[in-house]
Amino acid sequence: MASDTATARAEPETVRARRRFRFGGSRLGGFILALNLLSLLILFGGALLLNEWRRGLIEARQESLGVQAELLANVLGELGITQGDPYPMLDDRAAALWLRDNFIPAGQRARLFDIDGIEVSDSFRVSDTIPGAPLPPAHPAGTALAPAEPSPRETARLARANAELSAEVERALTGAPQASLRRNEEGERVVSVSLPVRHVQQVLGVLTLEAGDVNATLDAQRRALMPFALVALAVNLLASLVLHLFVARPVMRLSAAADQVRLQRARAISLPDLEDRKDEIGDLARALESMTDTLSTRMDAIERFAADVSHEIKNPLTSIRSALETLPLVKTDEQRARLTNLLQQDVRRLDRLITDISNASRLDAELSRDRPRAIDLNDLLGDIIGVYEAGRKPDEPAVRLVTATDNARVMGRDVPLGQVFRNLIDNARSFSPAGGEVRVSLYRDDSPADLPLRIRIDDDGPGIPAENLETVFERFYTSRPKGTAFGANSGLGLSIVRQIVDAHGGRVRAENRKGEDGSVLGARFEVSLPAVGKRA
């Protein structure tokens with residue numbers, strides 16, 4: 001029993017030591033978190049990288065347009081479109097003809113503004129290309145055509161585009177080249193560069209070049225983002241698959257195994273491949289197996305207990321039935337008194353047996369319901385011994401506290417611990433001779449650091465046979481030496497004592513007290529319990 005308690009006490013330490021090396025106490029949790037973080041890092045990394053590409057492409061496009069605008073501005077001066085005699089001026093007509101006769105690459109637009117920011121020339125207007133859109137369906141004959149008016153949304157978009165362009169031109173008229181990403185009249189994003197047109201140092205106007213291939217550039221960026229998104233999606237799908245294979249399916253197997261145990265009324269559950277895992281699923285499988293083993297052991301114990309109870313109850317009942325069947329045949333008062341006395345002994349025995357069986361059956365519930373607290377054994381033993389002494393009859397053995405010690409506090413439940421000492425004292429009194437004495441000793445021995453508190457109960461009875469020093473703690477074990485009262489022991493008291501002491505992390509043992517000549521002076525029961533705090 002002690003080894004089982006030590007093993008149960010060591011198991012949580014082993015589990016805690018194994019979990020120290022896991023992320024947040026969870027290996028699966030760390031693995032899942034790592035996979036999700038990896039997919040997010042891939043996605044964020046791709047987005048940041050593409051953002052740099054986008055910025056670099058736009059800047060490169062602006063730089064290219066700036067070089068073109070500078071070349072065009074120089075050509076305007078060489079062709080005499082910008083004049084300085086007698087006054088610096090910009091030849092609007094020559095500029096318009098020059099834009100018409102010179103090649104402007106497809107997708108680009110060149111505009112020229114004078115010193116007042118008024119548009120002088122536009123390559124879209126002087127080119128041979130006539131922009132347009134499909135005509136609306138024809139109206140029936142005889143119906144008046146409503147004048148085409150732009151919608152409020154188109155009006156607002158046009159106003160916003162003109163305002164952005166005017167602001168860019170005004171900044172360029174101050175003499176500083178401008179570059180921006182804005183929307184044109186059609187609502188499309190364009191890369192725009194505005195360069196001052198000078199004659200020597202005098203600003204005569206602004207040349208603006210626009211490239212409308214921004215959407216194509218952004219589409220290329222979106223296509224470039226797709227591999228990163230697909231990789232992130234693949235990682236997430238892999239994480240989901242891993243979760244399914246390593247978490248969902250094992251849990252489903254454990255659930256199916258538990259249902260099988262319930263439906264087939266099996267006594268154990270075993271999934272060896274899951275028990276070998278070093279994560280929470282393995283812990284769960286081992287816990288379920290341990291739980292079913294514990295339940296199976298408990299069920300076996302209940303079955304044995306029920307069989308023992310049936311057997312023990314049948315003995316006094318058989319005796320009572322025999323006495324009742326014999327009672328009508330008795331002719332003398334002496335024989336009738338003897339049978340009546342036998343019936344009373346059997347009834348007392350049956351009552352004691354039923355009481356102990358009831359106490360034993362409620363013990364597990366009481367131990368799990370009550371919360372442990374610090375208990376002073378000096379006070380507890382003093383109260384118990386005081387009750388015995390107050391109700392002792394002259395021919396009953398006395399109960400005396402021989403020794404006590406300071407700092408005898410234990411973490412436990414006072415009612416079950418009180419039952420331990422009462423059962424031991426009752427057992428010692430039942431085997432002690434009339435006028436004898438039961439001695440209770442409380443002392444502390446710090447040499448075994450785990451169980452320093454010792455409580456001894458000594459009697460002056462015949463002692464315990466050497467071969468029965470361990471079996472006395474088994475259920476329904478009774479050994480009645482000659483001269484002891486019949487039916488005074490049910491065989492459950494010492495079994496209850498061991499069960500309660502084990503639940504408090506302690507140990508109980510029995511031995512015989514011997515004299516110098518080796519003769520048995522009586523029995524001794526020693527309870528060892530863990531202490532609360534250190535000795536002062």
Side-chain angles (χ1 to χ4, degrees), residues 302-363 384 387-399 419 421-438 457 459-465 467-469 471-499 510 520 522-523 525:
I302 293 174
E303 291 175 356
R304 290 194 303 269
F305 181 68
D308 294 340
V309 167
S310 176
H311 175 74
E312 292 296 325
I313 290 180
K314 281 183 179 180
N315 289 335
L317 287 178
T318 302
S319 178
I320 291 172
R321 184 178 62 183
S322 300
L324 291 175
E325 292 175 353
T326 307
L327 188 60
L329 304 177
V330 174
K331 297 180 179 181
T332 65
D333 294 338
E334 182 181 356
Q335 291 177 342
R336 185 176 291 103
R338 189 181 303 167
L339 281 177
T340 303
N341 186 35
L342 180 61
L343 283 171
Q344 290 176 352
Q345 289 180 359
D346 287 336
V347 169
R348 286 193 299 269
R349 179 186 175 192
L350 189 60
D351 180 69
R352 175 66 180 270
L353 183 62
I354 292 175
T355 300
D356 288 345
I357 290 173
S358 176
N359 293 334
S361 63
R362 294 197 310 266
L363 185 59
I384 293 174
V387 172
Y388 277 102
E389 285 301 299
R392 183 175 69 90
K393 297 179 181 180
D395 58 339
E396 291 181 342
V399 181
Q419 186 176 0
F421 302 129
R422 285 193 300 270
N423 286 1
L424 292 176
I425 293 174
D426 288 340
N427 180 79
R429 295 180 71 194
S430 67
F431 287 101
S432 295
E437 185 180 61
V438 175
I457 292 91
D459 61 45
D460 297 327
I464 305 171
E467 65 274 10
N468 295 332
L469 291 175
T471 56
V472 293
F473 295 103
E474 295 179 359
R475 284 175 172 172
F476 299 110
Y477 171 83
T478 57
S479 177
R480 292 182 292 272
K482 185 178 180 180
T484 58
F486 179 78
N489 301 92
S490 65
L492 286 173
L494 295 181
S495 174
I496 292 174
V497 166
R498 169 160 282 184
Q499 187 176 356
V520 176
F525 288 87

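Only a predicted model underlies this, so the values are computations on that prediction, with no experimental measurement involved.
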Quick one: [atom1] on [X] to [atom2] on [Y], what's the gap to the nearest 0.5 Å?
X	Y	atom1	atom2	result
L329	R336	CG	CZ	11.0 Å
R498	N423	CZ	CG	14.0 Å
S319	L324	OG	CG	9.5 Å
D459	I425	CG	CD1	11.5 Å
T340	Q344	OG1	CD	6.5 Å
D346	I320	CG	CD1	5.0 Å

Please examine the side chains of [Y] and [X], heavy atoms only from C-beta on, and report whether any two atoms are closer than 4.5 Å.
X	Y	value
V438	Y388	no
V520	P462	no
F525	V497	no
T471	N468	yes
V399	R392	no

Salt-bridge present (R348, D351; N to O < 4.0 Å):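 Not counted as a salt bridge, because no side-chain N and carboxylate O are separated by less than 4.0 Å.
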[X] and [Y]: which non-hydrogen atoms are nearest, and at how many Å?
X	Y	answer
P397	S432	CG-CB, 3.8 Å
A428	I457	CB-CG2, 3.9 Å
S322	T326	O-OG1, 2.7 Å
I464	A510	CD1-CB, 4.0 Å

Just checking E334: does its CD atom have more than 12 heavy atoms from other residues, nucleotides or ligands closer to it than 6.0 angstrom?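 Open: at most 12 neighbouring heavy atoms sit under 6.0 Å from CD of E334.
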